[in-house]
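One is the number of the first residue; the rest follow in order along the sequence.
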Amino acid sequence: MSLISDLLNLNLSESTEKILAEYIWIGGSGTDLRSKARTLSGPVNDPSKLPKWNYDGSSTGQAPGEDSEVILYPQAIFKDPFRRGNNILVMCDAYTPAGDPIPTNKRYSAAKIFSNPAVAAEEPWYGIEQEYTLLQKEVNWPLGWPLGGFPGPQGPYYCGTGADKAFGRDIVDSHYKACLYAGINISGVNGEVMPGQWEFQVGPAVGISAGDEVWVARYILERIAEAAGVVVSFDPKPIAGDWNGAGAHSNYSTKSMRADGGYEIIKKAIEKLGLRHKEHIAAYGEGNERRLTGKHETADIKSFKWGVANRGCSVRVGRDTEKAGKGYFEDRRPASNMDPYVVTSMIAETTIVWKP
């Protein structure tokens with residue numbers, strides 16, 4: 001094993017200028033991540049300087065076997081925390097050979113919204129709170145839970161410490177540092193209410209970069225958990241019953257909201273979100289009806305309400321924002337398996353572009 005470890009940690013810059021680029025894309029389910037690596041002649045910092053690549057879309061559920069080629073367009077570059085050195089992770093989106101975005105390419109539509117002059121002028125900021133659950137691989141049961149049984153009731157686990165309360169902290173801290181190394185603006189981590197469940201926060205991130213950063217942070221988490229022999233679940237309600245679900249609360253502000261008098265802009269934006277509640281719910285993740293029940297810090301999926309410091313609302317405004325008269329709000333509806341390209345761009349489109 002020491003030989004393998006030594007080879008994995010080889011410093012390529014000692015013998016070659018070539019680098020390894022790991023191309024990452026979203027698979028046919030819309031939630032699965034795929035990747036493969038290629039050799040480049042030297043360091044690259046600009047995604048537009050990277051070559052396009054292709055893959056077999058018939059093996060990812062994204063193309064028929066008789067016309068299976070899908071083209072990867074590099075969109076964002078991050079430092080590779082696994083290979084280190086000048087090696088890179090490359091977030092891509094996917095197109096047909098004719099140059100049309102494939103149906104599962106949600107980044108393309110999001111980029112169009114963020115390039116809208118009205119949206120760009122507002123400089124939308126996002127902070128995404130990504131919850132997830134760590135599962136024991138062989139039994140598909142939360143990490144730290146007794147096999148076939150349940151731990152004690154919720155209460156001591158949220159931000160808890162101790163071997164009987166925090167399960168998987170080595171994975172969480174490894175992920176935290178790896179994201180910082182990669183250049184992702186990860187702003188924090190914490191243990192969640194259900195044991196075996198954790199959260200990391202990405203942001204503030206502007207526009208399309210929020211989606212890129214969340215997807216690559218998910219990829220890094222999956223890779224670390226893979227090495228640890230643990231499964232990452234983004235299911236919004238992994239365990240039925242009196243256990244918290246998993247969400248992706250999306251904090252949001254615009255230039256107008258952050259300026260003096262912004263609280264009035266915030267209230268108008270929330271009103272518009274309420275008018276399009278059904279459309280947003282339909283786009284906020286699969287299985288969210290199992291999570292948004294009106295219990296466990298959620299609002300019922302069929303209703304829309306907002307409030308200050310109320311975690312039982314669809315949208316929450318913080319006390320600091322109310323007091324300052326400007327700031328941001330939190331959309332608590334997105335599920336943990338939501339597509340951040342879809343959610344971030346839809347919030348911007350509804351609150352800035354859409355006219356009731």
Side-chain angles (χ1 to χ4, degrees), residues 21-22 24-26 33 35 44-48 50 74-84 86-93 106-107 110-111 113-115 119-120 122-132 159 171-192 198-225 232 234 246-255 257-258 318 320-321 327-332 334 336-348:
E22 191 78 25
I24 304 165
W25 70 96
I26 300 160
L33 283 160
S35 75
V44 181
N45 297 313
D46 182 350
S48 68
L50 288 168
Q75 298 292 357
I77 292 175
F78 300 86
K79 292 174 66 177
D80 187 338
F82 304 104
R83 298 184 176 114
R84 287 170 281 188
N86 291 320
N87 304 300
I88 55 176
L89 303 176
V90 183
M91 190 65 209
C92 305
D93 59 355
K106 306 303 182 185
R107 191 187 192 280
I113 291 171
F114 285 120
S115 64
V119 175
E122 283 289 352
E123 299 174 14
W125 291 5
Y126 298 91
I128 309 299
E129 304 173 28
Q130 176 68 72
E131 295 178 337
Y132 60 93
C159 297
I171 293 172
V172 174
D173 280 355
S174 297
H175 175 249
Y176 196 173
K177 292 181 178 180
C179 284
L180 286 172
Y181 178 93
I184 293 167
N185 193 25
I186 184 170
S187 47
V189 299
N190 62 268
E192 269 303 330
W198 295 83
E199 173 184 302
F200 64 88
Q201 301 97 32
V202 170
V206 181
I208 196 71
S209 65
D212 291 336
E213 293 191 24
V214 170
W215 274 116
V216 175
R218 286 176 175 177
Y219 173 82
I220 292 172
L221 177 61
E222 292 273 18
R223 285 282 306 275
I224 292 170
V232 179
F234 294 105
H249 302 154
S250 300
N251 299 276
Y252 170 72
S253 71
T254 64
K255 191 174 183 179
M257 295 175 190
R258 297 187 292 270
D320 288 347
T321 293
Y328 70 97
F329 64 82
E330 174 192 50
D331 190 339
R332 298 178 58 80
S336 50
N337 60 3
M338 63 83 163
D339 186 327
Y341 293 134
V342 173
V343 169
T344 57
S345 62
M346 193 173 193
I347 292 173

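- Ser187 places a side-chain N or O within 3.5 Å of a backbone atom of Gly203 that can act as its donor or acceptor partner.
- Within 6.0 Å of atom CG in Asn190, more than 12 heavy atoms from other residues, nucleotides or ligands are found, so the atom counts as buried in its surroundings.
- Distance SG/Cys159 to CD/Glu192: 7.0 Å, rounded to 0.5 Å.
- Listed for the His175 side chain is a donor-acceptor partner under 3.5 Å among the backbone atoms of Ala217.
- Annotation: side chain of Ile26 is in contact with side chain of Leu33 (closest heavy-atom distance under 4.5 Å).
- Partners of Ser345 under the side chain to side chain contact (heavy atoms under 4.5 Å, CB included) rule, at least two apart in sequence or in another chain, are Ala110, Ile113, Phe114.
- Between Val119 and Ala348, the shortest heavy-atom distance links the atoms CG1-CB, 4.2 Å.
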(message) One pair to check against side chain to side chain contact (heavy atoms under 4.5 Å, CB included): Val202 and Trp215. What are the steps and the verdict?
(response) CA-CA 10 Å; Val202 170; Trp215 274 116; over 6 Å; no

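- Remark: of the listed residues Ile347, Val343, Asn251, Ile347 is the sole one forming a side-chain contact (heavy atoms from CB on, under 4.5 Å) with Asp331.
- Interatomic distance, Ile186 CD1 to Ile128 CD1, rounded to the nearest 0.5 Å: 13.0 Å.
- The NE2 atom of His249 lies 9.5 Å from the OG atom of Ser336; values are rounded to the nearest 0.5 Å.
- Around the CG atom of Asp46, the shell of radius 6.0 Å holds more than 12 heavy atoms that belong to other residues, nucleotides or ligands.
- To the nearest 0.5 Å, the span separating CZ on Phe329 from OG1 on Thr321 amounts to 10.5 Å.
- Here the side chain of Glu129 pairs no donor or acceptor atom with the backbone of Glu199 at under 3.5 angstrom.
- Ile171 has its side chain within reach of Leu221: a pair of non-hydrogen atoms, C-beta onward, lies under 4.5 Å apart.
- Inter-residue side-chain proximity for Ser250 and Thr344 is flagged as unmet; no heavy-atom pair is nearer than 4.5 Å.
- Within the 4.5 Å cutoff, the side chain of Phe234 has heavy atoms near those of the Arg218 side chain.
- Side-chain contact between Gln75 and Leu50 is absent, with no heavy-atom pair separated by less than 4.5 Å.
- The CZ atom of Arg223 sits 6.0 Å away from the CD atom of Glu22 when rounded to the nearest 0.5 Å.
- Shown here for Val189 and Gln201, the closest heavy-atom pair between the two residues is N-OE1, 3.6 Å.
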(request) Apply side chain to side chain contact (heavy atoms under 4.5 Å, CB included) to the pair Ile24 and Val90, showing each step before the final yes or no. (result) CA-CA 6 Å; Ile24 304 165; Val90 183; over 6 Å; no

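- Taking the six-membered ring where the residue is Trp, Tyr252 and Tyr126 present tilted rings, their angle falling between 30° and 60°.
- In this structure, Glu213 contributes its side chain and Ile184 its backbone to no donor-acceptor pair below 3.5 Å.
- Rounding to the nearest 0.5 Å places OH of Tyr328 at 14.5 Å from OG1 of Thr254.
- Under the side chain to side chain contact (heavy atoms under 4.5 Å, CB included) criterion, Arg258 pairs with Glu123, Trp125, Ser253, Lys255, sequence neighbours left out.
- The minimum heavy-atom distance between Ile208 and Ala111, with the atom names listed, is CD1-N, 3.8 Å.
- Looking at heavy atoms from C-beta onward, Ser35 lies in side-chain contact with Tyr219 at the 4.5 angstrom threshold.
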